[in-house]
Amino acid sequence: MKLSEFYSEAKQKQQGYTRNETLEAFDLTTIEELEQSDEDFIKKRLKTCQTYFTDVLDKIDYDDKIKTIFENYNEALTFYVLKKKKNIEITHIPEDNHSTADFCIKYEDEKFCIEQKSLSFAGGNLEYKRNQEEALNGNINIERQLKQGKRIAQSGFWEILPLGAGSLKEQLTRLQEKIANNIKQQQFNSCKTILLIDLTQILDDVNAKECLSLYPSYKGFGVCSGMLWNVVFGRSTDNFYIDPEFEGKKNIDGQLDFDGILVGRDYVKGVIFSCGKTIDTKKYFGFYRYTEQDEKYAQFIEEICDFTNDDTNRFSYTIE
């Protein structure tokens, strides 16, 4: 069976019973396009996905191997998307006994690396299982109502909390912690390396305003802190601003209490966030230090990203 067939069968088996949030992060059309590729790396990653699918296909309960399947699929997708970019050469760095980055990039006759991480839910498998259980209970409730003769069955709703419950600042802190815990310095030692964080499993889309240090609140009563900018460049003593409920209400939700990913980690040369399930909807948001703007890896970030910013927040308030 091809990966597209494994995926379709897995989706069909859960249809009407429950919902697997990691499976929802895949896209069938994208899988089918990747299957047409002649690239050896993509073929190997898809083959790995197929192997793991044989172990989980008949399981209704959430299995950690689903995340492994997505990581392999997502690496193949990143390789495929970047391979199509002009002026860029990308090769996969073979795994060995030493920790290495995932990809080598050649851009304008200079080489550097990319280390990719695909973020999953906070709370690990327990949060995925909670969502599956609530989806299952909702479907059982609908079936019960239909059997009772109701023509229109009403279902409750379940709340999906990829970063866990809590305030925006608490969610931001969890996001920063998840990224920081995934950084292994030895993977950045072989060459100048950019960290690519895929958010597809936890965010459907990213508003470019979140790439700013501050932006005008949606209600027009003050300013808000951009989530992604602060994950990358925030300082522990910085205030965190939220959209106030009404004019005159305080909109400072304390201090960040952490330093961003590019603060104190000189070995990380930039951060790119990606989101989007399909090749056409995939978006990249990049960050690098202002003092490194003339470096080729910073120019590469500018080349491939839909929006970029630096630690000086040079794009402040320019997004409509």
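Bear in mind the structure is a predicted one, so any value in this text is a computation, not a measurement.
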For this session: Would you please test Asp238 and Arg235 for salt bridge (charged side-chain N to carboxylate O under 4.0 Å, His left out) and show each step?
Result: CA-CA 5 Å; Asp238 290 347; Arg235 303 272 181 165; over 6 Å; no

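Between the side chains of Asp198 and Thr200, at least one donor N or O lies within less than 3.5 Å of an accepting N or O. No hydrogens or angles considered: nothing links the side chains of Gln299 and Tyr107 as a donor-acceptor pair under 3.5 Å. Gln187 and Lys117 share a side-chain donor-acceptor pair at under 3.5 Å. Between the side chains of Thr237 and Gln255, no donor-acceptor pair of N or O atoms lies under 3.5 Å.
Counting only distance, with no hydrogens or angles, the side chain of Thr54 and the backbone of Thr51 share a donor-acceptor pair below 3.5 Å. Counting only distance, with no hydrogens or angles, the side chain of Asn207 and the backbone of Glu210 share no donor-acceptor pair below 3.5 Å. Side chain of Glu295 to main chain of Glu292: no donor-acceptor pair is present (N/O by atom type, distance under 3.5 Å, no hydrogens or angles). Asn182 places no side-chain N or O within donor-acceptor distance of the main-chain N or O of Ile179, the cut-off being under 3.5 Å. Asp310 places no side-chain N or O within 3.5 Å of a backbone atom of Arg289 that could act as its donor or acceptor partner. Using a distance-only test at 3.5 Å, with no hydrogens or angles considered, a donor-acceptor pair links the side chain of Asn251 to the main chain of Val223.
Sparse packing is recorded around NZ of Lys283, with 12 or fewer heavy atoms of other residues, nucleotides or ligands lying under 6.0 Å away. Remark: Tyr52 OH is loosely packed, at most 12 non-hydrogen atoms of other residues, nucleotides or ligands lying under 6.0 Å away. For OH of Tyr267, the number of neighbouring non-hydrogen atoms (other residues, nucleotides, ligands) closer than 6.0 Å is greater than 12.
Applying the salt bridge (Lys or Arg N to Asp or Glu O under 4.0 Å) criterion to Lys184, with sequence neighbours excluded, gives no partner residue. Looking at residues two or more places apart in sequence or on another chain, you find a side-chain contact (heavy atoms from CB on, under 4.5 Å) between Lys84 and Glu33, Tyr80, Ile279. Remark: Lys44 engages no residue in a side-chain contact (heavy atoms from CB on, under 4.5 Å) (not counting sequence neighbours).
Annotation: the span from Lys47 atom NZ to Asn72 atom CG amounts to 13.5 Å, rounded to 0.5 Å.
For the side chain to side chain donor-acceptor pair (under 3.5 Å) test with Ser4, the passing option among Glu32, Glu35, Gln50 is Glu35; the others fail.
Note: Phe41 and Phe103 meet the aromatic proximity criterion, with ring centroids under 6.0 Å apart. You'll find the ring centres of Tyr297 and Tyr288 outside the 6.0 Å limit.
For a disulfide, the SG atoms of both cysteines must be under 2.5 angstrom apart; this holds for Cys113 and Cys191.
For the pair Val81 and Tyr284, the minimum side-chain heavy-atom distance is below 4.5 Å. In this structure, Leu214 and Cys224 have side chains that are not in contact, with every pair of non-hydrogen atoms separated by 4.5 Å or more.
Leu23 and Met1 fall within the same hydrophobic cluster, where Ile, Leu, Val, Met, Phe, Trp and Tyr residues are linked whenever their side-chain heavy atoms come under 4.5 Å apart, directly or through other members.
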